[in-house]
There are 2 protein chains.
Amino acid sequence: MSTPGRKTVRDLRRGNRAMLLRALYFGGPASRNELSAQTGLSAATVSTMTGDLLADNVIVEAGQVDSDGGRPRVLLKVNPAYGYAVGVDVGETQVKVELFDLEMNVRARAHYAVRSAKHDPELVARHILTGVDAVIAEGEVPAGQVLGVGVGVPGIVEPGADGLVRAKTFGWEAVPLGALLRAGTSLPLVLDNGAKTMGQAELWFGSGRGTGDAVILLVGSGVGGTIVTGGRIYRGAGMAAGEVGHLKVIAGGRACRCGARGCLEAYLGAEAILERAGVEADSADEEAALARLLESGSPVIGETVDLLGAGLSSLVHLFNPERIVIGGWAGLMLGGRLLGEIRAATAANTQAQPFQPESVVLGRLGPDAVALGAATLVIEPFFGDAAYPSPAIA
Amino acid sequence: MSTPGRKTVRDLRRGNRAMLLRALYFGGPASRNELSAQTGLSAATVSTMTGDLLADNVIVEAGQVDSDGGRPRVLLKVNPAYGYAVGVDVGETQVKVELFDLEMNVRARAHYAVRSAKHDPELVARHILTGVDAVIAEGEVPAGQVLGVGVGVPGIVEPGADGLVRAKTFGWEAVPLGALLRAGTSLPLVLDNGAKTMGQAELWFGSGRGTGDAVILLVGSGVGGTIVTGGRIYRGAGMAAGEVGHLKVIAGGRACRCGARGCLEAYLGAEAILERAGVEADSADEEAALARLLESGSPVIGETVDLLGAGLSSLVHLFNPERIVIGGWAGLMLGGRLLGEIRAATAANTQAQPFQPESVVLGRLGPDAVALGAATLVIEPFFGDAAYPSPAIA
DNA sequence: CTGACTTTCTTCGAGGCTTAGATTATGGTC
DNA sequence: GACCATAATCTAAGCCTCGAAGAAAGTCAG
């Protein structure tokens with residue numbers, strides 16, 4: 001058994017405070033009275049608590065609204081300028097650094113091209129660090145108000161202070177990216193898999209919004225995923241859960257770049273699809289090539305849909321999710337034209353009872369959400385009880 | 001986002017009380033002092049809380065132990081006679097009803113043979129109800145002390161008051177077993193999939209003990225499973241999660257009795273293995289037949305191990321579990337001789353990083369644990385904050 | 001313009017909770 | 001028998017949330 005193990009009477013207030021902040025953050029502006037109804041807390045408690053939060057400048061007033069013949073209600077909202085978070089997307093071709101306020105409006109950006117196929121860890125770290133300084137300067141944010149830096153990387157991030165990253169596609173074998181960054185900044189750092197940061201973005205602001213149990217698929221050049229249980233990203237015992245790309249669909253089948261055979265990623269990512277169709281394309285023109293292939297009516301596409309359906313069926317039977325979100329540029333391209341076929345293929349592989357075809361939907365945020373999601377990782381502790389496994393912190 | 005939403009100061013005590021009971025239940029007898037250390041609660045709190053629990057008769061003293069030259073410590077333990085739970089295993093060939101005390105000692109049993117392939121729901125319900133009365137009478141338990149009846153059934157149990165069960169193998173299509181039982185007893189009822197009740201048993205008392213994230217496989221005639229996240233069984237949005245048997249291993253492959261193709265269960269359960277080997281056997285002598293097949297060195301066995309390895313690999317990549325437990329009579333038979341091969345097959349399909357071959361282990365409880373696990377479902381609320389999705393309650 | 005009414009928000013006392021520190025209980029050691 | 005060590009309980013203090021009562025800030029009829 002695990003130990004939820006809450007303790008003192010003070011944790012109680014922390015928890016309730018977090019709940020109230022969540023209601024305010026995701027439910028938009030609300031009056032004290034509405035908050036009381038939403039959270040179940042008494043009006044008295046809401047009153048003292050909002051008093052504290054206002055004093056701390058975490059929330060601010062946001063206008064008034066008349067009430068039928070009574071005292072008008074004062075609306076409250078989270079103060080977007082209370083703090084800022086930096087989100088970083090370490091991608092195949094570039095490093096993107098963006099500064100967000102608490103409402104996740106972009107305040108500044110910095111992009112650095114990276115020569116494909118050559119991902120020197122130290123260079124990447126340097127890009128990130130200069131980028132962080134640049135966006136903070138450009139965004140004109142007071143020094144103490146940056147809450148932290150979230151970094152979405154390919155591959156698996158090991159738990160631990162060094163932020164060890166293993167990413168086959170980058171040729172990274174236990175690269176201590178966390179330590180490299182730690183040496184150059186004193187801001188709080190959070191590292192996580194890019195597919196998970198993107199999943200977090202879809203969960204908070206996109207198609208996953210409001211769901212407690214969901215699977216979010218990121219189909220780009222390769223395939224990644226995020227599993228949501230109980231409204232939170234599930235990371236497993238060693239932060240490596242949710243590797244949907246290496247779900248087996250045909251045991252002993254096509255070789256995958258991970259070294260094994262028959263993984264979903266051996267059939268589904270843009271790279272695998274193009275290879276299977278015999279199309280040559282380097283990562284720069286994958287997008288155009290995939291679009292052409294889709295138009296051409298190649299049988300490879302039909303096979304791909306079938307295999308995706310089989311994979312989704314496995315996910316349905318294992319997780320019984322409320323929703324399945326397909327994202328990533330290739331996923332959106334495929335799903336944009338073939339969502340009906342994908343749903344049908346899934347249904348064909350799945351017992352009717354637990355599966356609703358309409359639960360398979362497309363992502364709403366586009367492929368740029370990795371940095372956004374990485375920034376939310378920095379914000380998340382605000383709204384949580386922190387009694388959950390968190391991404392690696394360096 | 002989900003809403004942990006704890007509220008009043010009273011929930012706090014309930015939570016701490018549950019934590020303390022858990023420590024006592026799973027950690028065996030302990031002194032107040034040890035409890036204080038284990039739970040992190042102050043000695044004073046432990047003192048008042050144990051006072052309450054003693055007054056309520058939930059715990060009892062269990063002897064003394066000298067301490068180096070000081071006041072001897074008084075040991076406390078959960079009172080096994082505080083209450084009793086009935087566990088029911090609705091199996092293919094029989095209905096087993098067993099009465100347990102809080103320490104999960106069996107106090108009485110009643111078994112009812114069921115003619116194979118004919119599972120009249122009303123008959124099953126009648127067997128259960130007579131069985132419940134019989135074991136309570138035989139166990140000589142005071143009327144008010146039976147805490148409830150837990151029932152492990154094949155197939156999927158829908159959430160809701162009627163306890164709707166869907167079990168293809170029984171030909172049950174939305175059978176309201178909960179309602180049928182409700183009509184015949186006023187005891188609290190809990191229904192869940194038999195693979196999950198067994199998983200719960202392994203989690204609490206068997207090979208899964210102490211793990212927070214685990215996958216427990218039940219391989220019998222068919223294949224079922226239990227997924228454990230955060231120390232609790234994960235049930236998904238509609239109680240249907242963890243259907244490991246319908247994980248795809250070869251998309252478009254062999255037909256499964258669920259109607260789809262390529263499921264793990266189309267290759268792995270005793271039924272599927274024997275079919276693939278061309279052995280005729282009805283459910284009564286499946287066990288002997290499988291044993292013979294294993295001795296014979298049939299190539300089917302090697303294939304089976306490979307496919308099991310592929311399936312486990314999928315589970316590793318999705319859940320990153322701390323441990324994988326293989327249980328069920330066929331699973332134990334297979335794993336008993338071929339555990340090394342199974343581990344190797346899994347490793348061959350899996351990236352080295354997140355997977356430790358030794359994390360695949362055999363179950364420790366044998367196939368009789370379904371009823372035991374069902375009874376624990378009745379006990380579980382005692383130790384929990386109940387703010388988690390629970391099995392269907394009728 | 002005034003007074004009644006409505007609705008929102010704040011204040012206050014009560015009841016609970018956990019904690020730290022003092023106190024009592026219970027044994028051994030010299 | 002004096003002294004010490006450890007275990008368990010008692011007491012006072014500080015938080016927390018809640019319900020009820022009161023204050024605030026409008027509307028609306030006459």
Side-chain angles (χ1 to χ4, degrees), chain A residues 3-21 23-24 29-56 59-77 385 387, chain B residues 3-21 23-24 29-56 59-77 385 387:
Chain A
T3 45
R6 198 160 290 182
K7 282 192 294 204
T8 163
V9 69
R10 236 137 161 176
D11 298 309
L12 214 151
R13 190 160 184 89
R14 233 205 327 271
N16 283 337
R17 178 182 156 127
M19 179 169 61
L20 196 148
L21 272 177
L24 224 39
S31 71
R32 293 172 176 79
N33 231 347
E34 289 163 1
L35 287 174
S36 171
Q38 273 182 48
T39 59
L41 294 167
S42 74
T45 301
V46 171
S47 199
T48 64
M49 200 126 64
T50 51
D52 286 0
L53 291 168
L54 280 167
D56 290 353
I59 64 176
V60 291
E61 299 196 346
Q64 293 201 348
V65 165
D66 289 0
S67 69
D68 323 296
R71 173 174 173 175
R73 61 198 88 184
V74 177
L75 295 182
L76 302 170
K77 65 167 187 174
D385 338 19
Chain B
T3 46
R6 198 160 290 180
K7 282 193 294 207
T8 162
V9 69
R10 236 138 162 175
D11 298 310
L12 207 138
R13 189 159 184 88
R14 232 205 329 272
N16 282 338
R17 179 182 154 127
M19 179 170 61
L20 197 148
L21 271 177
L24 223 39
S31 71
R32 292 173 176 78
N33 230 346
E34 289 163 1
L35 287 174
S36 172
Q38 272 182 48
T39 60
L41 295 167
S42 75
T45 301
V46 171
S47 199
T48 65
M49 199 125 64
T50 51
D52 287 359
L53 291 168
L54 280 167
D56 291 351
I59 63 176
V60 290
E61 298 195 347
Q64 294 200 348
V65 166
D66 288 2
S67 70
D68 324 295
R71 174 173 172 175
R73 60 196 89 185
V74 177
L75 295 183
L76 303 169
K77 67 167 185 173
D385 337 19

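This structure is a prediction, so every number in the text was calculated from the model and none was measured. Chain letters run A, B, ... following the sequence lines, proteins first, then strands; residues in each count from 1.
- Computed from coordinates, the A:N16 CG to C:dC17 P distance equals 16 Å when rounded to whole Å.
- Distance CG/A:L75 to CD1/A:I59: 11.5 Å, rounded to 0.5 Å.
- Residues A:P29 and A:E34 come closest through the heavy atom pair O-OE1, 4.4 Å.
- Residues meeting the side chain to side chain contact (heavy atoms under 4.5 Å, CB included) test with A:S36, sequence neighbours left out: A:A43, A:V46.
- The residue among B:E34 and B:V9 whose nearest nucleotide of DNA chain D lies closer to the 5′ end is B:E34.
- Counting heavy atoms from C-beta outward, A:R32 and A:T50 have side chains that approach closer than 4.5 Å.
- Rounded to whole Å, atom P of C:dC17 lies 5 Å from atom CZ of B:R13.
- For the side chain to side chain contact (heavy atoms under 4.5 Å, CB included) test, residues two or more places apart in sequence or in another chain that qualify with A:Q38 are A:A23.
- When the side-chain nitrogen and oxygen atoms of A:R10 are compared with OP1 and OP2 of C:dT18, none of them lie within a distance under 4.0 Å.
- Separating the CG atom of A:L75 from the P atom of C:dT8 is a distance of 12 Å, rounded to the nearest angstrom.
- The shortest side-chain heavy-atom distance between B:D52 and B:R13 falls under the 4.5 Å cut-off.
- Of all the residues in residues 45-53 of chain A, A:S47 reach under 4.0 Å from DNA chain C with at least one non-hydrogen atom.
- The nearest pair of heavy atoms linking A:L54 to A:E61 is CD2-N, 4.2 Å.
- The side chain to side chain contact (heavy atoms under 4.5 Å, CB included) search around A:T45 returns A:L41, A:S42, A:M49, not counting sequence neighbours.
- Annotation: of the two residues near DNA chain D, A:G40 and B:R73, the 5′-most nearest-nucleotide partner is B:R73.
- The CG atom of B:L20 sits 5.5 Å away from atom OG1 of B:T39, with the distance rounded to the nearest 0.5 Å.
- Remark: P of C:dT18 and CZ of B:R14 are 12 Å apart, rounded to the nearest angstrom.
- Close approach of DNA chain D to chain B, defined as any atom under 4.0 Å from a non-hydrogen atom of the protein, starts and stops at D:dA5 to D:dT17.
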Reading nucleotides 22-30 of chain C from the 5' end, what letters show protein touch, with B for base, S for backbone sugar-phosphate only, - for no heavy atom under 4.0 Å? ---BBBS--
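- Of all heavy-atom pairs between B:L12 and A:L12, the closest is CD1-CD1, 3.0 Å.
- Between A:R14 and A:D11, the closest side-chain pair of non-hydrogen atoms falls below 4.5 Å.
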